[in-house]
**Student:** 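Handing you a structure now.
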2 protein chains.
Amino acid sequence: MNKQNVPDVIVSRLPVYLRALQRLADAGETATSSQELGEKVGISAAQIRKDLSQFGEFGKQGTGYHIPFLIERLSQILHVDRIWDVAVVGMGDIGHAVARYNGFANRGFRVTHCFDADPAKIGKEIGGFIILDAKNLVEEVRKAEIKIAMLCVPATVAQDVADRLIEAGVRGILNYAPLKLIVPSTVRVQHIDPAIGMQRMTYYFD
Amino acid sequence: MNKQNVPDVIVSRLPVYLRALQRLADAGETATSSQELGEKVGISAAQIRKDLSQFGEFGKQGTGYHIPFLIERLSQILHVDRIWDVAVVGMGDIGHAVARYNGFANRGFRVTHCFDADPAKIGKEIGGFIILDAKNLVEEVRKAEIKIAMLCVPATVAQDVADRLIEAGVRGILNYAPLKLIVPSTVRVQHIDPAIGMQRMTYYFD
DNA sequence: TGAAACTTGTGGTGAATTGCACAAAAACGA
DNA sequence: TCGTTTTTGTGCAATTCACCACAAGTTTCA
């Protein structure tokens, strides 16, 4: 259960397990096995058992895993047994889409703040939120105690905005800008770049 | 240069190198070193040299790498020394955003076809394209010889749409639906799920 | 009841990946 | 010209990671 000892590669798989379990639960299932779960997520059964064993003994021999219980434990481990408020910065096409994204429901997140620097956009409404002036980003994010941000600004200003988010207390950034952010080791970054995903596929094409 | 022998993990880093090199080129730079590139992408210099050496000797001792040449070679290796036509299926918020995404410019891709099954959306224009009827997906995709698709439909129909894309000749799918697709080994899938990215960060939060 | 069928958690093993260190080559400067 | 600096490509070592196999616990069913 010691956080220091769990490799990143294992942590990165836990959300995948959780997502599959929630789909099973939604389908009315109450029990599963490492075998079945492995087929759903494309990971070997042995791998799943070993990953989960890092955090405790959640299964029962002969029976497998009780889905609601495993969901509860994984949610606790991943700290999504609560709702995290999220700020979206940059209200272009991507920011617009993620702000309205309904895929966060029951997964631990909700967008509560949207920012943009463009005067033409400030004050407009998107998905029930008023777009706030990016000038007040540090102040607003700090006041709302937001720890997670989605960065949807152009690459040219991404590092600057990231610095200000961190100054405001943000500890995790989902980065849609096509560059690597330089952040302190206390801050986590996840990169999302569709073009990189596509280039990882075209390599294998003729 | 043998494709079979290059591990996936190395291939997955090449687009990251390419992206950083293109940024350097845009900034007017013509030369770089594994050291400098490593700092830009957050990967050790030795790792970068070893990765590149899988495909040839692109650098020169004492000098480093000539950026335009390395961009050219990496583009060839990743098969983005051409433009791939891309189909977007599902014109919800995400599909809308990726169809209009301008981050593909100069990275080997352009959206040419948009599909949706909703009669209210069919025929409407998005980013210069008319939304086509998903009923004709197989026929249209095959006719246009499209090999890459972005899947932005709800999870409930994602597998079915993926099957039809593959039937139509698609060999790579960028999947925004929150589930693992079952595909033949000849087809590549890249998953994009913002919630999973965020849960990979909250694990490390208190 | 008892045997057969399942399934977990884990020790051991082999493979894959990363990091280190250095020879060799090129550039630079005095 | 010649020593110093820079940098690549790579053999080797160390680490990390994934997989196999099995004892032990549980359920099922005759």
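Just so we're on the same page: letters track the sequence lines, and every chain starts at 1.
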**Student:** D/dT16 C1' sits how many Å from A/Arg13 CZ, rounded?
**Tutor:** 12 Å
**Student:** Does CG belonging to B/Asn106 count more than 12 external heavy atoms closer than 6.0 Å?
**Tutor:**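 Not buried by this count: 12 neighbours or fewer within 6.0 Å.
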**Student:** So, does B/Arg107 use its side chain to make a donor-acceptor pair with the main chain of A/Ala195 at under 3.5 Å?
**Tutor:** no
**Student:** Should B/Ser34 be listed as having a side-chain N or O under 4.0 Å from OP1 or OP2 of D/dT8?
**Tutor:**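 Looking at the OP1 and OP2 atoms of D/dT8, one of them is under 4.0 Å from a side-chain N or O of B/Ser34.
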**Student:** Want to settle it: does A/Ala46 or A/Gly62 sit nearer the 5' end of DNA chain C, counting the closest nucleotide to each?
**Tutor:**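 Going by which nucleotide is closer to the 5' end, it is A/Gly62.
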**Student:** Rounded to whole angstrom units, what separation is found between the CD1 atom of A/Ile48 and the C1' atom of D/dC20?
**Tutor:**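 After rounding, the gap between these two atoms is 16 Å.
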**Student:** What class does the angle between the rings of A/Phe104 and A/Tyr101 fall in, given that below 30° is parallel, 30 to 60° is tilted and above 60° is perpendicular?
**Tutor:** perpendicular
**Student:** Round to the nearest Å and state the distance from B/Ile10 atom CD1 to D/dG9 atom P.
**Tutor:**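 Between P of D/dG9 and CD1 of B/Ile10: 14 Å.
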**Student:** Using heavy atoms to find the nearest nucleotide of DNA chain D for A/Lys50 and B/Thr63 separately, return the residue whose nucleotide is more 5′.
**Tutor:** B/Thr63
**Student:** What is the distance, to the nearest angstrom, from the CZ atom on B/Arg73 to the P atom on D/dG9?
**Tutor:**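 Between P of D/dG9 and CZ of B/Arg73: 12 Å.
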**Student:** Would you state whether a donor and an acceptor, one from the side chain of A/Lys60 and one from the base of D/dG25, lie under 3.5 Å apart?
**Tutor:**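 Per atom types, no contact qualifies.
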**Student:** Would you please confirm or rule out a distance under 4.0 Å between OP1 or OP2 of D/dG9 and any side-chain N or O of B/Tyr65?
**Tutor:** yes
**Student:** Mind calculating the distance between CZ (A/Phe58) and P (C/dT10) to the nearest angstrom?
**Tutor:** 11 Å
**Student:** How many whole angstroms separate atom CG of A/Asp51 from atom P of D/dC17?
**Tutor:**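 It works out to 11 Å between those atoms.
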**Student:** Whole-Å distance between C/dC6 P and A/Arg49 CZ?
**Tutor:**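 These atoms are roughly 15 Å apart.
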**Student:** Would you mind telling me which of D/dC19, C/dT7, C/dA26 lies closest to the side-chain atoms of A/Gln61?
**Tutor:**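 It is C/dT7.
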**Student:** Does the plane of the ring in B/Phe55 sit parallel, tilted or perpendicular to the ring in A/Tyr203? Use 30° and 60° as the thresholds.
**Tutor:** perpendicular
**Student:** How long is the line joining CD of A/Glu57 and P of D/dA24, in whole Å?
**Tutor:** 15 Å
**Student:** The side chain of A/Ser33 lies closest to which of these nucleotides: C/dT8, D/dT27, D/dC12?
**Tutor:** C/dT8
**Student:** When you check the phosphate oxygens OP1 and OP2 of C/dG19, does a side-chain N or O of B/Gln47 lie under 4.0 Å from one of them?
**Tutor:**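 Indeed, a polar side-chain atom of B/Gln47 lies that close.
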**Student:** Identify whether the distance between the nearest side-chain nitrogen and carboxylate oxygen of B/Asp116 and B/Lys135 falls below 4.0 Å.
**Tutor:** no
